Structure formats: C-alpha cells, structure tokens
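Take a look at the structure below.
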Amino acid sequence: MSSALLADLRARGLVFQVAGEDELPAWLDGGSRTLYCGFDPTADSLHIGSLVPLLMLRRFQDAGHRPLALVGGATGLIGDPSFKAQERQLNTPDVVAGWVEKLKAQVSRFIDFEAGERSAEVVNNLDWTAGMDVLSFLRDVGKHFSVNAMIQKESVKQRLEREGAGLSYTEFTYMILQSYDFSELNRRHNCSLQIGGSDQWGNITGGIDLTRRVNGEKVFGLTMPLITKADGTKFGKTESGTIWLDARRTSPYAFYQFWLGTADADVYRFLKYFTFLPVVEIDALEQADAERSGRPEAQAVLAREVTRLVHGDEGLSAAQRITEALFSGELGALSAEDFAQLRQDGLPASTLSLSALPDTLTQLLTEAGMAASGKQVKDALGRNAVLVNNAAVGWDANAEPARVFCAESALFGRYFLVRLGKKKYHLFELG
RNA sequence: GGAGGGGUUCCCGAGUGGCCAAAGGGAUCAGACUGUAAAUCUGACGCGAAAGCUUCGGUGGUUCGAAUCCACCCCCCUCCA
C-alpha cells in the first residue's frame, strides 16, 4: 500500500530528498505511521506556498497514515533563517499567538480528524518549549548540536558568507528548536517522519540526528521540491501580491483566476502537485490538449480542482459564476440579481454616490483599488483600456466622471461594471 | 573597545555640488499579437487631472543651489581586540 504511495509521489514529482530512503518504503508498508509537517505563523493566513505540504499530509493520510500538523507557536517567535537573505523582524508574542489560532483552523480543513486510528491532530510546539528553561535547553538539547556542523548547512551558508547580511544567534538557534520538535513528537506521538519543503532539509536532518541521539530512534525525512515556474519568476505572487488561502485575503474568485492564468509550460506539473487527480488522468489530459489546437483545458481543470480543495464547492461555484459572467463577454445576459450575487461572491465592489463623485476618473478608480496610482489609470484611459458597462472611456472624459457615471447609463438603474485592462473588474453600485 | 566598508525611488544597483524625480536591470501596470497562456515588440513606472508638491538612513549646518560637502546621531556588514 504505502510503497505505492511513494511511487505515486515520485510520479508526481513531489519527492525531492529522502532521509532513510532504503528503509522508508518497507517502514511505510509495515503499518499506519505518524508523520508531521510544521507551519510557522508568519501571518494570519497561510498562502499557496503551504498548499503542497498540506496536501502531502492528506496524501499520506489517504494512504493510511496519521498526520500531525504542527503550528509553530514557538518557532514562529524565533524566525527560520533557512535560505532567507536577511534577518527577519520579530513579531510580538500576542500577535504570533493570534496567528497560531488562525492557522490551526486553516490547516484543519485539509486533513481528516474523524478517521479513527489515522485521525489527524494539530499540535503546537509552544506546548513543549514555553516551559523549558535556558539551562535545560543548553544542557539537554544544545549539547547534541555541533556548531561546526550547523554552519556547514547550506540553508544558512549564504547568510554567513554574504557581504551585507548576517545571522543573529536567535535565528541560528531555530534549527535546534525544530529538531527538538521532531524528537518531542517522536517521544509523545511516536512520530517518525517529517516532511517539508526542500528548504527544510537542514532542519529535518537536524531533527533526525537529535531523535537518534536522545530517543535512540531511527526516523525519516522527506522534502518536496520548490515550486518553480517555467519563466523563472517566483511562484505564488501576482500583480495583487501573495495568493492566500484565507478567503478574506484572496477571494475564491481571485484564487480561481490565479490558477486559470497558469502558463502552459507549468500547468500539467501543477496538476500533479496541487490536485489529487491520478497521474494517468493528468497525462491523458495533456495528451488531449496537445492533439487539439487552440486553448488547452488543463488550466480550467487545475483552477476547478484547487479552488474546490481550498474553498469548497460553494467557493468554487461563486468563482465560476463570476468568471463566466465577466469573461463570456455577455454582460447583457446578467440580471439585477446576478449583479447582487457577484458582489456577494467576492467581486471587488464599492458603493458610489452620484452626488459626491470625485473630480476625476483617475481618482475614482484609484480609490476603488483598481490601480496603484492615477498614472496607471491615465495610461489605461489613454489606450482605451477602461470600459464602463462595456463601453470604452477615453482620457478626455477624465475630468467629467459625472458624464460617465450618470443614472441613465447605470445598469438596472444602479450598477456600473468597470473593467481596467483585460482582467481587472470592479463593480460600482449606486447607494 | 579599535580599524575599515556601507545605508539611493518595490528589489538589485549607478550617481560625489547645478544638465537629478535621480542611469541601467528586474518586478509591476497598460497596449499590440494571442488562448484571461508563453515569447516578442511598444508605452508607463514618486504623488498629482494640472499647476505643482514630496524623495536619496535621521537631525542640523555650509551654499544662490546638496543624494552629492560638514557635524552629530541611528542601523548594517567585515576584520582586529
């Protein structure tokens, strides 16, 4: 059963490095095992960078194992230096504690807590570090670590070698804390496998070594590859910033759109990473797309699957509803109820008062958040890239917002759907 | 504690008295071409509709004029102790 899991993970390209490679398949096949992955609270929500590990926990659970999601209430107070170019600023304990609670809830949506023996659990490393005193830490944990070995780790090397950067003792200690987590989870929960992103390799092997020394236990590690894009730009960022898992930060519609915009060169790989679709199905889809000319179907499948995983069926249908309405080019087909629904569904929207319009369109659209500055709106207006209810508006109208936004041209007497560029929409409702 | 090197517009990085709102690259935004893809080409890119206003770690100073010179302060890095 479980060596089948490993084979599938490999086929998906999800296995980057394995510690204990020779024995891992047999160990997994030998029964229901406990594994963990850590998520540090660096914000009040995880972003899609955490999606691969989260789904990985689920993949293991579906294969009969027991996942622990560790939320780093302690490590989040320290900051992981791994492959970070600079020292990070510390957040206050109460802020981190608040984020821990948010992440707990978020993480919980991806794993099953009602699965009998393989039921998932959320743990917090603050539980076993908060009460520890410095001397115990130094004598019982720190003594097992060789600084000579620690400074050899790739993850901190650039910080140690690079001119203009540095590494505080605090962040340097991060590795020890995370290693201690592994040994504690091994002791408390018989957890014997840690998974994480490839940047976590140094921390994971540190934990493996410590667990062997203090518990005398052989434990395993597995890392997933860094998600890259074919064009070399960073995955997970877009014009409007990070793609978050929290619907309040990134609406299901924006989330769906993000995946829909995946490049052809990346989409089949992403399907393997981010969905539970069988590899053979994905390969078949790739084949079909290649044989057909024109637009591939893969992006739509990817967007649908991932949006459903993160936002559920409701989030998905809201996202699809908006997408359909906006990109079908048939605004006329929308009813007044549809507009109300779009706003409900998370289409960026705001209320407009005809009697209190700003002096210029640039002001109006900038304030609505459609562009970062008036210059961008100006540029768009000058290129006929602003459409109000599907009618192009030119730069000459900039000083006369009242001409564009008048009661007569409002759809259903109250709606203005403004499009800036190809993809940015904003709904104004008279109020 | 000592010596040296740094802090420039989102990032990297030029700029050492006026020609600097500040080269170049990246990112980003818009246009063309397309398939809400990529690549390519074009334009924008401190704020402002404009007049104009505000920037080069901070505070003062020199000067007709300072990112550039001076003083003090803050922060970072390297080496020595």
Side-chain angles (χ1 to χ4, degrees), chain A residues 84-90 158-168 171 228-243 253-271 285-286 288-290 292-304 307 319-331 347 357-387 392-404 418-426:
Chain A
K84 302 285 189 323
Q86 283 189 315
E87 183 86 9
R88 285 191 292 172
Q89 213 188 331
L90 294 176
Q158 70 171 101
R159 283 278 286 278
L160 295 173
E161 288 170 0
R162 188 182 150 175
E163 178 94 7
L167 178 63
S168 71
E171 283 196 11
T228 56
K229 291 206 292 178
D231 64 7
T233 57
K234 201 173 175 194
F235 169 77
K237 296 270 185 179
T238 185
E239 56 271 13
S240 39
T242 304
I243 306 296
Y253 162 69
F255 189 85
Y256 182 84
Q257 284 288 321
F258 168 79
W259 294 103
L260 209 54
T262 304
D264 293 2
D266 295 321
V267 70
Y268 305 100
R269 211 159 36 91
F270 287 4
L271 278 164
L285 179 62
E286 182 168 9
D289 278 341
R292 192 160 20 80
S293 63
R295 192 178 176 180
E297 209 186 314
Q299 280 85 349
V301 175
L302 178 66
R304 184 185 70 217
T307 305
Q320 287 178 323
R321 199 155 46 223
I322 298 178
T323 296
E324 177 62 23
L326 300 185
F327 292 91
S328 66
E330 296 173 41
L331 282 190
L347 182 71
L357 286 173
D359 292 338
T360 59
L361 291 175
T362 49
Q363 270 182 55
L364 180 64
L365 302 191
T366 306
E367 281 165 17
M370 295 193 75
S373 74
K375 290 257 168 61
Q376 287 182 6
V377 178
K378 179 182 177 181
D379 185 48
L381 283 168
R383 289 163 175 267
N384 282 322
V386 176
L387 305 188
V393 178
W395 172 241
D396 55 311
N398 184 45
E400 308 171 88
R403 202 181 83 202
V404 180
V418 180
R419 185 179 121 186
L420 192 158
K422 283 196 192 110
K423 308 180 195 176
K424 274 183 287 198
Y425 286 91
H426 191 95

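Keep in mind that what you see is a predicted model, and the values were worked out from it rather than measured. As a basis for the values below, the full set of heavy atoms in this structure was taken, side chains included, without hydrogen atoms, waters or symmetry mates. Residue numbers start from 1 in every chain, and the chains themselves are labelled A, B, ... in the order their sequence lines are given, proteins ahead of strands.
- Atom C1' of B:G48 sits at a distance of 14 Å from the matching atom of B:A21, rounded to the whole Å.
- A side chain to side chain contact (heavy atoms under 4.5 Å, CB included) with A:L381 is found for one member of A:V393, A:L365, A:T360 and no other, namely A:V393.
- Phosphate proximity of B:A49 to A:T362: present, with a side-chain N or O under 4.0 Å from OP1 or OP2.
- Remark: side-chain polar atoms of A:D289 are paired, donor with acceptor, to backbone N or O of A:A298 under 3.5 angstrom.
- With A:N398 contributing its side chain and A:T362 its backbone, the two residues share a donor-acceptor pair below 3.5 Å.
- Comparing B:A38, B:U42, B:G48 by their closest approach to the side chain of A:R383 singles out B:U42.
- Nucleotides B:A71 and B:U62 are separated by 15 Å at their P atoms, to the nearest Å.
- As the counterpart of B:G4, B:C77 is assigned, both hydrogen-bonding distances of the Watson-Crick or G-U wobble pattern falling under 3.5 Å.
- In this structure, A:R269 places its CZ atom 19 Å from P of B:A37, rounding to the nearest Å.
- Using N1 to N3 plus N6-O4 or O6-N4 for Watson-Crick, or N1-O2 and O6-N3 for G-U wobble, each under 3.5 Å, B:U62 pairs with nothing.
- Between A:K375 and B:U28 there is no side-chain N or O to OP1 or OP2 distance below 4.0 Å.
- Closest contact between the side chain of A:P296 and the listed nucleotides B:A49, B:A37, B:G35 involves B:G35.
- Atom CH2 in A:W395 sits about 9 Å away from atom C1' in B:A50, given to the nearest Å.
- B:A37 and B:C69: their P atoms are spaced 48 Å apart (whole Å).
- Using a 4.0 Å heavy-atom criterion, one finds that A:S373 contacts the sugar-phosphate atoms exclusively.
- Here A:E297 pairs with A:R292 in a salt bridge; the nearest charged N to carboxylate O distance falls below 4.0 Å.
- Contact check, A:R295 against B:U36: a side-chain N or O comes under 4.0 Å of OP1 or OP2.
- The CG-C1' distance, from A:L260 to B:A37, rounds to 10 Å in whole Å.
- Nucleotides B:C45 and B:U40, compared at atom P, are 22 Å apart to the nearest Å.
- Across every strand in view, B:A22 sits unpaired, with no contact that passes the Watson-Crick or G-U test at under 3.5 angstrom.
- In the set B:G31, B:C29, B:U36, the nucleotide with an atom closest to the side chain of A:D379 is B:C29.
- Here B:G35 presents its P atom at 17 Å from CD of A:Q257, a figure rounded to the nearest Å.
- You'll find that the side chain of A:L420 is closest to B:A30, out of B:G35, B:A30, B:A49.
- Across all strands shown, B:A44 forms a Watson-Crick or G-U wobble pair with B:U28, both key distances being under 3.5 Å.
- Rounded to a whole angstrom, the distance from the P atom of B:G18 to that of B:A66 is 11 Å.
- B:U54 and B:A67 have their C1' atoms separated by 14 Å, given to the nearest Å.
- Both A:R419 and A:K378 lie near RNA chain B, and the one whose nearest nucleotide falls closer to the 5' end is A:R419.
- In this structure, the CG atom of A:D231 is 9 Å from the P atom of B:A27, given to the nearest Å.
- Comparing B:C47, B:A37, B:U36 against the side chain of A:A263 picks out B:A37 as the nearest.
- Summarising the base pairing, B:U54 is matched to no nucleotide, lacking a Watson-Crick or G-U wobble pair whose two defining distances lie under 3.5 Å.
- OP1 or OP2 of B:A30 lies within a sub-4.0 Å distance of a side-chain N or O belonging to A:K424.
- When the P atom is used for both B:A39 and B:G24, the distance is 22 Å, rounded to whole Å.
- In this structure, the CD atom of A:Q376 is 8 Å from the C1' atom of B:U28, given to the nearest Å.
- Distance from the side chain of A:A385 is smallest for B:A30 among the nucleotides B:U36, B:A38, B:A30.
- A:R269 places a side-chain N or O within 3.5 Å of a backbone atom of A:T228 that can act as its donor or acceptor partner.
- Below 30°, between 30° and 60°, or above 60°: for A:F235 and A:W259 the angle between ring planes is between 30° and 60°, a tilted geometry.
- If you find the closest nucleotide of RNA chain B to A:T323 and to A:D359, the one lying nearer the 5' end belongs to A:T323.
- For the pair A:T262 and A:D266, the tightest heavy-atom approach, listed with the atom from each and the gap, is CG2-CB, 3.9 Å.
- The side chain of A:K423 has B:U36 as its nearest neighbour among B:A30, B:U36, B:U34.
- If you take CD of A:Q299 and P of B:U36, they are 11 Å apart, rounded to a whole angstrom.
- The C1' atoms of B:C75 and B:C19 are separated by 34 Å, rounded to the nearest whole Å.
- Atoms CD (A:Q363) and C1' (B:A50) sit 12 Å apart, rounded to a whole Å.
- Side-chain atoms of A:Y253 do not come within 3.5 Å of backbone N or O of A:I322 as any donor-acceptor pair.
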